[in-house]
Number of protein chains: 2
Amino acid sequence: MADRGAPPTLGTVMKSIRSRNGWTLKEMSAKSGIPVSTLSKVEHDRLTLSYDKLQQLSQRLNIRMSDLFAEDDEDTAPRVTGRRSIGTIDQAVRVTTDNYDYHYLCTDLRQKRMIPIITRIRAHSAREFGDLVRHQGEEFIFVLEGEVEIHTEFYDPVALKTGQGIYLDSSMGHAYVVAEGYEEALVLGVCSSADDGLMDSLMSLHG
Amino acid sequence: MADRGAPPTLGTVMKSIRSRNGWTLKEMSAKSGIPVSTLSKVEHDRLTLSYDKLQQLSQRLNIRMSDLFAEDDEDTAPRVTGRRSIGTIDQAVRVTTDNYDYHYLCTDLRQKRMIPIITRIRAHSAREFGDLVRHQGEEFIFVLEGEVEIHTEFYDPVALKTGQGIYLDSSMGHAYVVAEGYEEALVLGVCSSADDGLMDSLMSLHG
DNA sequence: TTGACAATTTTCCAATCAGGATCATTATGT
DNA sequence: ACATAATGATCCTGATTGGAAAATTGTCAA
């Protein structure tokens, strides 16, 4: 049944969690370590919880954060099948760092499983690049122009010509630099997981 | 990045989100609607946020709750820990269908989250192509050579030139055909792997 | 049905903290 | 020196926690 207008508050969610498990406020209080009075107030929307309490709740009650915040429940949210986004480099969201020049594609599409990024590489040596980069997830890099040298934590450096690609575990330290004899190189990268890029350490380390 | 003992506070998380996107506090403030002073305090762990602010943040910044709370998400954990695979078109696993000529890259790497495929397109019209294709997951297609016409279930056809890409929900019917005036087209596709059943459905539909 | 009586829930209150505005200070880069 | 970014220091209103006291609800025997 359609998710009728009722905007699910934290109180609603908490109450449903509690009754679903047949707990009294006292029991829930014991399990969560949050006083009965507070729980009561939350359930009546006279109060919400702050970060620490939410975390405490999620941990002690063994529930996921996404359960506390009303996110699409496959029961209530009619899965909109059919989204798409066209990505061109000049419509891309551009982010510049010392080593890279990122062009995030299709940023209008949220919550995607993969992040496509066109990247211009500037560094010409591992030394110039600096520390290897690590982040969550996996990535696939495909060379569009020039030639790229892939440095990783556990392998010897390897060169990729235009038209070649590499797939790697992003949590393994890695760095892409322009190969000998080239000024620049352009690659298409696709990163798995968490929306909106995972290039955190890139930016913080080399921004 | 190894999940070293560092206790992931809200401040830590927020800071990494911010630097990952290359935002200043001011920019992040504008995007999120939360004052700079508050953001600064949060990042320095002199403050946390309460339910409504967290929700506001997650909505305005288009990030998921699970990103705000650093919970190891199996969604983001690499399945190919510390591994890599180089993919060239001539080492690819080739699969031929009526409409496409697939070159599966990096097939030596199992259990990956994404499947990179170089595809040569032969069909020149939706009619010639036949029924639209549907399968689980999402895909990003990038045009390497020629020009491609993207037909989908819910959108008008659109043409992609070399260097352009499209990201779409694969469960929406789709078909790629060569655009007018071109003999063939070559695209790089990356499919989110829901895992490996993909190859089967592709092959059964067009084999 | 009524009157204990206990369990559960809600209200009340005090201490603390979140949230925001403003000004001062310290880099950093132009 | 100048603009921008980041941080710190106040100050203030309103929200949050949590303990304890009231109110509600449920149970059961007479």
Side-chain angles (χ1 to χ4, degrees), chain A residues 7-61 63 65 68-70 93-101 122 130 199-207, chain B residues 7-61 63 65 68-70:
Chain A
T9 65
L10 177 60
T12 308
V13 178
M14 296 261 298
K15 190 158 208 158
S16 86
I17 289 178
R18 186 167 69 90
S19 54
R20 174 184 315 152
N21 292 76
W23 294 333
T24 68
L25 283 177
K26 200 181 207 172
E27 288 172 320
M28 194 168 187
S29 165
K31 286 178 196 297
S32 64
I34 295 174
V36 174
S37 64
T38 300
L39 292 179
S40 169
K41 275 174 280 191
V42 170
E43 287 193 358
H44 286 267
D45 294 329
R46 308 159 63 80
L47 201 69
T48 69
L49 294 176
S50 63
Y51 190 80
D52 334 64
K53 297 294 158 194
L54 288 167
Q55 202 166 41
Q56 182 178 340
L57 207 65
S58 122
Q59 287 176 350
R60 310 271 296 258
L61 295 188
I63 52 187
M65 256 0 271
L68 272 322
F69 295 82
V93 171
R94 198 162 153 218
V95 174
T96 304
T97 72
D98 286 347
N99 295 315
Y100 298 134
D101 202 355
R122 276 195 299 273
M199 299 294 188
D200 54 345
S201 33
L202 293 187
M203 309 273 318
S204 55
L205 288 174
H206 306 292
Chain B
T9 66
L10 176 61
T12 308
V13 178
M14 296 260 298
K15 190 157 207 159
S16 93
I17 290 177
R18 186 166 68 88
S19 54
R20 163 188 317 165
N21 290 78
W23 294 333
T24 67
L25 282 178
K26 202 182 212 169
E27 287 171 321
M28 192 167 188
S29 165
K31 286 177 196 296
S32 63
I34 295 175
V36 173
S37 63
T38 299
L39 291 179
S40 173
K41 277 182 271 192
V42 170
E43 287 193 359
H44 287 267
D45 295 328
R46 308 160 67 79
L47 200 69
T48 70
L49 295 176
S50 62
Y51 191 79
D52 28 35
K53 293 295 159 192
L54 288 169
Q55 203 165 39
Q56 179 179 342
L57 208 63
S58 125
Q59 286 176 351
R60 310 273 295 258
L61 263 43
I63 52 187
M65 271 309 154
L68 272 309
F69 297 79

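All values below were derived from every heavy atom in this structure, side-chain atoms included, with hydrogens, water molecules and symmetry-related copies excluded. Small disclaimer: the values here were computed from a predicted structure and weren't measured. Labels below follow one simple rule: chain letters A, B, ... track the order of the sequence lines, proteins then strands, and each chain is numbered from 1.
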Side-chain atoms of residues 34-45 of chain B: list all donor-acceptor pairs with protein atoms under 3.5 Å, sequence neighbours left out, distances to 0.1 Å.
{"unit_1": "B:E43", "atom_1": "OE1", "unit_2": "B:R18", "atom_2": "NH2", "d": "3.1"}
{"unit_1": "B:E43", "atom_1": "OE2", "unit_2": "B:R18", "atom_2": "NE", "d": "2.6"}
{"unit_1": "B:D45", "atom_1": "OD1", "unit_2": "B:T9", "atom_2": "OG1", "d": "2.9"}
{"unit_1": "B:D45", "atom_1": "OD1", "unit_2": "B:G11", "atom_2": "N", "d": "3.3"}
{"unit_1": "B:D45", "atom_1": "OD2", "unit_2": "B:T9", "atom_2": "OG1", "d": "3.1"}

Sub-4.0 Å heavy-atom contacts from residues 26-37 of chain A onto DNA chain D, ordered by number: A:P35, A:S37
Using only atom types and a distance under 3.5 Å, with no angle test, would you say the side chain of B:S50 pairs donor to acceptor with the backbone of A:L49? no
Given 3.5 Å as the limit, does a donor-acceptor pair link the side chain of A:R122 with the main chain of A:Y100, or not? yes
d([atom1], [X]; [atom2], [N]) in whole Å:
X: B:L39; N: C:dA18; atom1: CG; atom2: P; answer: 14 Å
X: A:L47; N: C:dA15; atom1: CG; atom2: P; answer: 18 Å
X: A:L25; N: C:dT9; atom1: CG; atom2: P; answer: 4 Å
X: B:H44; N: C:dT25; atom1: NE2; atom2: P; answer: 18 Å
X: B:D52; N: C:dA18; atom1: CG; atom2: C1'; answer: 10 Å

End-to-end axis angle, where each axis spans five pairs of the helix from C:dT1-D:dA30 to C:dT30-D:dA1, to 10°: 30°
Think [X] has a side-chain N or O under 4.0 angstrom from the OP1 or OP2 of [N]?
X: A:R46; N: C:dT9; value: no
X: B:T48; N: C:dA18; value: yes
X: A:K41; N: C:dC12; value: no

Apply side chain to side chain contact (heavy atoms under 4.5 Å, CB included) to A:T48 and B:K53, showing your working. CA-CA 11 Å; A:T48 69; B:K53 293 295 159 192; over 6 Å; no
State which residues pass salt bridge (Lys or Arg N to Asp or Glu O under 4.0 Å) with A:R94; sequence neighbours excluded, sorted by chain then number. A:D101
Using a heavy-atom cut-off of 4.0 Å to chain A, what are the terminal contacting nucleotides of DNA chain D, in 5' to 3' order? D:dT16 to D:dA20
Quick one: does B:L61's side chain get under 4.5 Å of B:M28's, heavy atoms only? yes
When rounded to the nearest 0.5 angstrom, what distance separates OG in B:S58 from CE in B:M65? 3.5 Å
Interatomic spacing from CG in A:L57 to CG in A:L10 - rounded to 0.5 Å: 8.0 Å
Return the 5'-most residue of the pair B:S50, B:T24 with respect to DNA chain D, ranking by each residue's nearest nucleotide. B:T24
Derivation of the side chain to side chain contact (heavy atoms under 4.5 Å, CB included) call for B:I17 and B:M14: CA-CA 5 Å; B:I17 290 177; B:M14 296 260 298; 5.6 Å; no
State, to 0.1 Å, how close A:F69 and A:L54 come at their nearest heavy-atom pair, and which atoms those are. CZ-CD1, 3.9 Å
Regarding A:S40, tell me which of base, sugar-phosphate or nothing describes its non-hydrogen contacts under 4.0 Å with the strands shown. base
Between protein and nucleic acid, restricted to nucleotides 26-30 of chain C and to nitrogen or oxygen atoms under 3.5 Å apart, what atom pairs and distances do you find?
none

